Amino acid sequence: MSSVSIGFSAVRSLDHSCFAPLYSLSSSPSKSYFWPEAVGGVFRRWKDGGSGRLLVLASAAVEESDPGMDYAETNWKDQFQKDFERRFDLPHLTDLFSDLTPIPSTFRLKKRSPSSDDYVNGYLYREQYNGYINNDDRVLLKVIHRAGPRKEIFFRPGDVNAAIVTCGGLCPGLNDVIRQIVITLEMYGVKKIVGIPHGYRGFSAEEPEIPLSRKAVQTIHLSGGSILGVSRGGPDIEEIVNSIQARGINMLFVLGGDGTHAGANAMHKECNKRRIKVAVVGVPKTIDNDILYMDRTFGFDTAVEEAQRAINSAYIEAHSAYHGIGIVKLMGRSSGFIAMHASLASGQVDVCLIPEEPFTLHGPNGVLRHLRYLVQTKGSAVVCVAEGAGQDLLEKATGTDASGNKILSDIGIHVVQETRKYFKEIGVPADVKYIDPTYMIRAVRANAADGILCTVLGQNAVHGAFAGFSGITVGVVNTHYAYFPIPEVISHPRLVDTNSRMWHRCLTSTGQPDFI
């Protein structure tokens with residue numbers, strides 16, 4: 001694996017596990033990877049017209065090349081930069097309502113001046129500084145929009161009827177985000193705030209709204225779950241938008257994963273089609289940490305921390321038994337970030353199995369042969385397996401859940417059964433214990449790190465809506481909080497790069513060989 005320094009993003013590389021430094025990334029000779037197909041957009045008057053260097057965002061690379069881009073042309077870099085800018089241009093209410101006039105922001109903080117006269121956020125002098133984000137400010141590639149409050153807003157707070165909805169499964173931090181959205185809305189002066197109960201199903205007529213205020217949400221972050229309830233599926237998009245119109249909602253905050261965001265984007269398009277002034281803003285919620293471009297999503301840190309309890313219990317059971325083997329199944333439908341990070345953090349895992357890394361159970365290089373070696377040499381073993389790993393070894397399940405996710409076969413039970421069968425066949429006693437802490441992990445309250453992340457995401461979601469953006473989501477990328485067009489983050493899941501240093505660190509920690 002070599003390191004290549006480049007100035008533009010059309011790269012032949014892939015690193016889904018984390019963002020590479022802005023001046024380099026890992027290069028793999030086996031495949032060519034390019035950015036996803038462009039998503040249309042328009043340039044607005046505050047678009048940065050500079051020709052600054054387009055640097056690398058490794059984890060956004062995908063296994064497809066843009067058929068419209070000719071990389072043999074001498075000016076392909078300029079073409080790629082323009083295409084990248086077009087894809088990440090944020091949808092805005094002024095795209096639909098050209099005569100929409102902004103007003104001065106009602107968002108205020110008590111202290112709004114920097115502690116020194118140095119260059120701060122683009123303002124050279126103390127009297128010019130007001131703490132707002134300049135519309136020309138970008139956090140990466142001179143393209144990605146920085147999140148935060150703007151000096152001008154496109155909604156009068158007294159006219160805002162805001163709604164919050166939580167969809168999909170539970171995740172630590174949902175109440176934290178709800179709480180912070182409500183608090184920030186009230187800081188703008190919004191009085192009408194409601195929660196939509198039980199996900200998109202709550203837009204049906206029989207579900208009453210839940211009134212929200214700072215008093216109502218003051219302590220909800222101390223508990224797990226969602227005070228609004230969650231569900232998968234719901235009415236079709238036209239019915240949901242009909243409900244939005246009937247309720248007079250003009251600011252909608254959607255908390256959910258890629259399926260939920262696909263629905264939010266469809267609502268945004270339908271509102272545009274009907275020429276309704278509604279700001280639809282998403283907050284990515286996936287405990288698996290598999291959203292494109294994002295350093296991490298809320299709930300992930302808590303999940304890794306809580307997974308330590310299950311792994312430690314499996315280790316104690318295995319270490320205390322004669323030829324004990326502890327098997328823990330963790331979340332991770334298509335990406336193994338939780339399993340990888342939990343294995344690294346615990347230091348007690350001997351085998352880590354993730355969806356991105358193929359493996360075999362049987363044969364001279366199989367997992368079971370290695371477990372036999374561990375039992376005979378150290379007396380016990382601990383296995384951590386992500387729920388989406390090894391699906392090719394199982395009889396494929398059919399159908400999808402209400403969110404459109406493919407139903408997975410249970411790899412955890414399969415590994416347990418095959419392990420018991422194998423050791424019985426070879427005549428070696430083995431005491432196999434199995435732990436699946438999925439629902440215990442999802443239901444806990446957010447830890448400190450996730451609590452902070454949820455707070456900032458909730459605040460920036462409100463700032464984005466008041467700034468007039470719609471069809472966007474908010475996240476943290478390369479430590480910067482930023483806004484993204486929804487289509488860019490749901491095209492495919494972010495994956496662990498098995499050539500990355502983080503995965504190699506995990507292999508070093510477990511000491512496992514290749515299981516192929």
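The figures here come from the full heavy-atom set of this structure, side chains too, leaving out hydrogens, waters and symmetry mates. Here the structure is a predicted model, which means the values were calculated and not measured.
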Dump the intermediate steps for ring pair (Phe, Tyr, Trp, His ring centres under 6.0 Å) on Phe88 and His145, then the final yes or no. CA-CA 8 Å; Phe88 283 87; His145 291 246; 9.4 Å; no
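- For the residue pair Asp295 and Thr479, the shortest heavy atom distance occurs at OD2-N, 2.7 Å.
- Scored by the side-chain hydrogen bond (donor to acceptor under 3.5 Å, both in side chains) test, Lys433 finds Asp431 as partners (sequence neighbours excluded).
- Applying the side-chain hydrogen bond (donor to acceptor under 3.5 Å, both in side chains) criterion to Glu356, with sequence neighbours excluded, gives no partner residue.
- Shown here are the ring-ring contact (aromatic ring centres under 6.0 Å, His included) partners of Tyr200, two or more places apart in sequence or in another chain: there are none.
- For the pair Arg214 (side chain) and Val182 (backbone), a donor-acceptor distance under 3.5 Å is absent.
- Of the possible donor and acceptor atoms, one in the side chain of Asn289 sits under 3.5 Å from a partner among the backbone N and O of Thr297.
- A search for ring-ring contact (aromatic ring centres under 6.0 Å, His included) contacts involving His319 returns Tyr315, not counting sequence neighbours.
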Step-by-step side-chain contact (heavy atoms from CB on, under 4.5 Å) determination, Trp503 to Met340: CA-CA 7 Å; Trp503 177 242; Met340 177 178 70; 3.8 Å; yes
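- Remark: the backbone N or O of Phe337 is not paired with any side-chain donor or acceptor of Ser335 at under 3.5 angstrom.
- The structure places NZ of Lys285 at 8.5 Å from CG of Leu255, a figure rounded to the nearest 0.5 Å.
- Separating the CG atom in Asp159 from the NZ atom in Lys277 is a distance of 7.5 Å, to the nearest 0.5 Å.
- Scanning for side chain to side chain contact (heavy atoms under 4.5 Å, CB included) contacts around Asn447 gives Asp301, Thr302, Glu305, Ala449, Asp450, with sequence neighbours left out.
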Intermediate values then yes/no, side-chain contact (heavy atoms from CB on, under 4.5 Å), Ser334 and Asp288: CA-CA 8 Å; Ser334 54; Asp288 293 350; 5.9 Å; no
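- Here the side chain of Asn175 pairs a donor or acceptor atom with the backbone of Ile227 at under 3.5 angstrom.
- Partner of Leu330 under the side-chain contact (heavy atoms from CB on, under 4.5 Å) criterion, chosen from Val385, Ile441, Ile354: Ile441.
- Defined by atom type and a distance below 3.5 Å, a donor-acceptor pair is present between the side-chain atoms of Asn135 and Arg150.
- Contacts of Asp410 classified as salt bridge (Lys or Arg N to Asp or Glu O under 4.0 Å), with partners at least two apart in sequence or in another chain: Lys329.
- By the side-chain hydrogen bond (donor to acceptor under 3.5 Å, both in side chains) test, Glu306 is found to be paired with Arg309, residues two or more places apart in sequence or in another chain being considered.
- Between the CD atom in Glu209 and the CG atom in Asn161 there is a gap of 7.0 Å [rounded to 0.5 Å].
- Taking the side chain to side chain contact (heavy atoms under 4.5 Å, CB included) definition, one finds that Leu222 meets it with Thr219, Arg445, sequence neighbours left out.
- Residues satisfying the side chain to side chain contact (heavy atoms under 4.5 Å, CB included) criterion with Thr438, sequence neighbours excluded, are Met331, Asp436, Arg442.
- Interatomic distance, CZ of Phe107 versus CE of Met187, reported as 4.5 Å (0.5 Å rounding).
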Would you check, one step at a time, whether the test ring pair (Phe, Tyr, Trp, His ring centres under 6.0 Å) holds for Tyr293 with Phe484? CA-CA 9 Å; Tyr293 304 106; Phe484 297 90; 5.5 Å; yes
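- Listed by chain and residue number, nothing satisfies the ring-ring contact (aromatic ring centres under 6.0 Å, His included) test with Phe155 (two or more places apart in sequence, or in another chain).
- Residues passing the ring-ring contact (aromatic ring centres under 6.0 Å, His included) test with Tyr481: none are found, sequence neighbours excluded.
- Across His92, His268, Lys269, a single residue satisfies side chain to side chain donor-acceptor pair (under 3.5 Å) together with Ser470, and that is His268.
- Taking all atoms of both residues into account, the shortest heavy-atom contact from Arg494 to Ile291 is CD-O, 3.5 Å.
- Considering CD1 of Ile181 and CD1 of Ile193, their distance stands at 10.0 Å, rounded to 0.5 Å.
- For the side chain to side chain contact (heavy atoms under 4.5 Å, CB included) test, residues two or more places apart in sequence or in another chain that qualify with Cys454 are Asp176, Val177, Phe298.
- Summarising the geometry, atom OG belonging to Ser409 is positioned 10.5 Å from atom CG belonging to Leu393; distances are rounded to the nearest 0.5 Å.
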